[in-house]
Amino acid sequence: MQKRPETSVDLVALATLAPGVRQDVRYVGPHNFMGRPVAGYESAQCWLSRPAAQSLAAVQKELAASGLALKVYDCYRPQKAVNDFVRWGKDLADQKNRDMYYPRVPKSELFKRGYIAEKSGHSRASTADLTLMVVDAMRASQQVRGPLADGIDVDMGTPFDLFDEQSHTEHRGQSPDVRHNRLWLRSLMQRHGWRNLPEEWWHYTLVNEPYPDQYFDLPVRKLQ
């Protein structure tokens with residue numbers, strides 16, 4: 001029998017409720033803006049509050065009929081990971097991934113512009129960073145636009161975690177296809193009870209999140 005961590009929050013592994021959701025958890029390895037594993041991530045798994053995981057399972061079920069799948073980059077984020085972000089943000093000497101993640105924003109302004117903060121909705125366990133992936137290009141072409149092939153991500157115009165205005169969901173500098181894809185994803189998520197952070201096309205929070213005033217620090221660990 002699988003056990004969830006002993007904590008006051010009802011966290012579940014998304015894979016147990018929605019195995020069709022792809023997972024590319026960026027902060028467990030070096031493929032992120034810090035260029036290294038982030039504190040608190042001991043396993044490449046998406047954990048969420050039970051209502052959030054159940055809702056994403058419903059989103060995935062709807063997407064499957066259209067030849068698409070959700071892909072998550074980050075879900076529940078321990079407070080110790082947020083603290084690690086803050087330490088990194090204050091270390092102005094560390095600029096190794098600037099060209100990829102914040103080429104037009106001085107690192108000294110990441111706090112001021114809201115890209116790094118001492119608290120994150122992710123730590124409340126009902127926020128997810130996500131995108132769409134093509135499973136069946138023929139069927140997916142009825143819903144999303146741009147280059148489509150089985151196994152690739154839908155074109156959203158910028159990579160995940162690009163600290164830039166181009167990542168704003170309604171950024172007018174994006175192509176019509178990208179704008180369509182971002183707004184189509186937002187509409188889908190809204191139907192299932194999620195709200196988008198306008199500055200990040202990938203960032204969604206469950207409207208009726210069960211722990212709106214709590215921030216958790218349990219490490220992300222592998223199922224026992």
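Looking only at distances, no side-chain donor or acceptor of Asp136 sits under 3.5 Å from a matching main-chain atom of Ser66. Formation of a donor-acceptor pair under 3.5 Å by the Asn196 side chain with backbone atoms of His203 is found in this model. Without hydrogens or angle criteria, Gln23 side chain to Cys46 main chain gives a donor-acceptor distance under 3.5 Å. A donor-acceptor pair under 3.5 Å is formed between the side chain of Arg182 and the backbone N or O of His168. A donor-acceptor contact shorter than 3.5 Å links the side chain of Gln60 to the backbone of Leu70. Ser167 places a side-chain N or O within 3.5 Å of a backbone atom of Leu162 that can act as its donor or acceptor partner. A donor-acceptor pair under 3.5 Å is absent between the side-chain atoms of Asp10 and the main chain of Ser49, judged by distance alone. In this structure, the side chain of Gln174 engages the main chain of Gln166 through a donor-acceptor pair within 3.5 Å. In this structure a side-chain-to-backbone donor-acceptor pair under 3.5 Å is present from Asp84 to Ala39. A donor-acceptor pair under 3.5 Å is absent between the side-chain atoms of Ser187 and the main chain of Trp184, judged by distance alone.
Interatomic distance, Ser55 OG to Glu209 CD, rounded to the nearest 0.5 Å: 12.5 Å. Taking CD of Glu165 as the reference point, atom CD of Glu199 lies at 10.0 Å (rounded to 0.5 Å). To the nearest 0.5 Å, atoms CG (Leu11) and CZ (Arg221) are separated by 12.0 Å. Annotation: the span from His31 atom NE2 to Asn97 atom CG amounts to 10.0 Å, rounded to 0.5 Å. Atoms CD1 and CD, from Ile116 and Glu109 in turn, are 13.5 Å apart once rounded to the nearest 0.5 Å. Atom OG of residue Ser175 and atom NE2 of residue His180 lie 11.0 Å apart, to the nearest 0.5 angstrom.
For the pair Asn32 and Tyr73, the minimum side-chain heavy-atom distance is 4.5 Å or more. In this structure the side chain of His192 never reaches within 4.5 angstrom of the side chain of Lys61, judged on heavy atoms. With a 4.5 Å cut-off on side-chain heavy atoms, Pro210 and Ser126 count as touching. Leu17 has its side chain within reach of Gln54: a pair of non-hydrogen atoms, C-beta onward, lies under 4.5 Å apart. Two residues are said to be in side-chain contact when any heavy atoms from C-beta on lie closer than 4.5 Å; Gln190 and Val207 fail this criterion. When side chains are defined from C-beta on, Arg77 counts as touching Asp129, because their heavy atoms get closer than 4.5 Å. Residues Leu130 and Leu185 form a side-chain contact, since some pair of their non-hydrogen atoms from C-beta on lies under 4.5 Å apart. Within the 4.5 Å cutoff, the side chain of Asp155 has no heavy atoms near those of the Asp177 side chain.
The two atoms that bring Ala13 and Gln45 nearest to each other are CB-OE1, 4.0 Å, heavy atoms only. The heavy-atom pair separating Leu48 from Cys75 by the smallest distance is CD2-CB, 3.7 Å. Residues Ala69 and Leu63 approach most closely at C-CD1, 3.9 Å, considering heavy atoms. Here the shortest heavy-atom pairing between Leu148 and Ser141 reads CD1-CA, 3.5 Å. Shortest non-hydrogen contact noted between Ser120 and Val82 is CB-CG2, 3.8 Å.
Heavy atoms of other residues, nucleotides or ligands lying less than 6.0 angstrom from CD of Glu118 number 12 at most. Within 6.0 Å of the CG atom in Asp217, the count of heavy atoms belonging to other residues, nucleotides or ligands exceeds 12. Enclosure of atom CD in Gln95 by more than 12 non-hydrogen atoms of other residues, nucleotides or ligands within 6.0 angstrom is indicated. Counting non-hydrogen atoms of neighbouring residues, nucleotides and ligands closer than 6.0 angstrom, the NZ atom of Lys90 reaches no more than 12 such neighbours.
Cation-pi geometry between Lys107 and Trp88 is met: the NZ or CZ atom falls under 6.0 Å from the ring centre, inside 45° of the normal.
For the pairing with Tyr41, the ring-ring contact (aromatic ring centres under 6.0 Å, His included) check across Tyr76, Trp47, Tyr27 returns one residue only, Tyr27. Partner of Tyr215 under the side chain to side chain donor-acceptor pair (under 3.5 Å) criterion, out of Lys119, Gln79, His122, Arg124: Arg124 alone.
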Checking Tyr115 against Val105 for the side chain to side chain contact (heavy atoms under 4.5 Å, CB included) test, could you report, in this order, the C-alpha distance in whole Å, the side-chain angles of both residues, the deciding distance, and whether it holds?
CA-CA 10 Å; Tyr115 294 117; Val105 179; 4.3 Å; yes
Output, in order, the C-alpha distance, side-chain angles, deciding distance and verdict of side chain to side chain contact (heavy atoms under 4.5 Å, CB included) for Met189 and Val59.
CA-CA 7 Å; Met189 295 297 290; Val59 173; 4.0 Å; yes
Checking Trp202 against Asp161 for the side chain to side chain contact (heavy atoms under 4.5 Å, CB included) test, could you report, in this order, the C-alpha distance in whole Å, the side-chain angles of both residues, the deciding distance, and whether it holds?
CA-CA 9 Å; Trp202 56 81; Asp161 260 357; 4.0 Å; yes
Derivation of the side chain to side chain contact (heavy atoms under 4.5 Å, CB included) call for Thr205 and Leu197:
CA-CA 8 Å; Thr205 298; Leu197 180 66; over 6 Å; no
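Salt-bridge annotation for Asp94 and Lys96: absent, with no side-chain N of the basic residue lying under 4.0 Å from a carboxylate O of the acidic one. Ion pair Glu170/Arg186 flagged as a salt bridge, since at least one NZ, NE, NH1 or NH2 atom sits closer than 4.0 Å to an Asp/Glu carboxylate oxygen. Taking 4.0 Å as the cut-off between side-chain N and carboxylate O, Asp153 and Lys71 count as a salt-bridged pair.
Aromatic ring pairs are classed by plane angle as parallel below 30°, tilted from 30° to 60° and perpendicular above 60°; the pair Phe33 and Tyr101 is perpendicular.
Ring to ring, Phe216 and Tyr211 are close: their centroids are under 6.0 angstrom apart.
Residues Met156 and Phe163 share a hydrophobic cluster, clusters being chains of Ile/Leu/Val/Met/Phe/Trp/Tyr side chains in contact below 4.5 Å.
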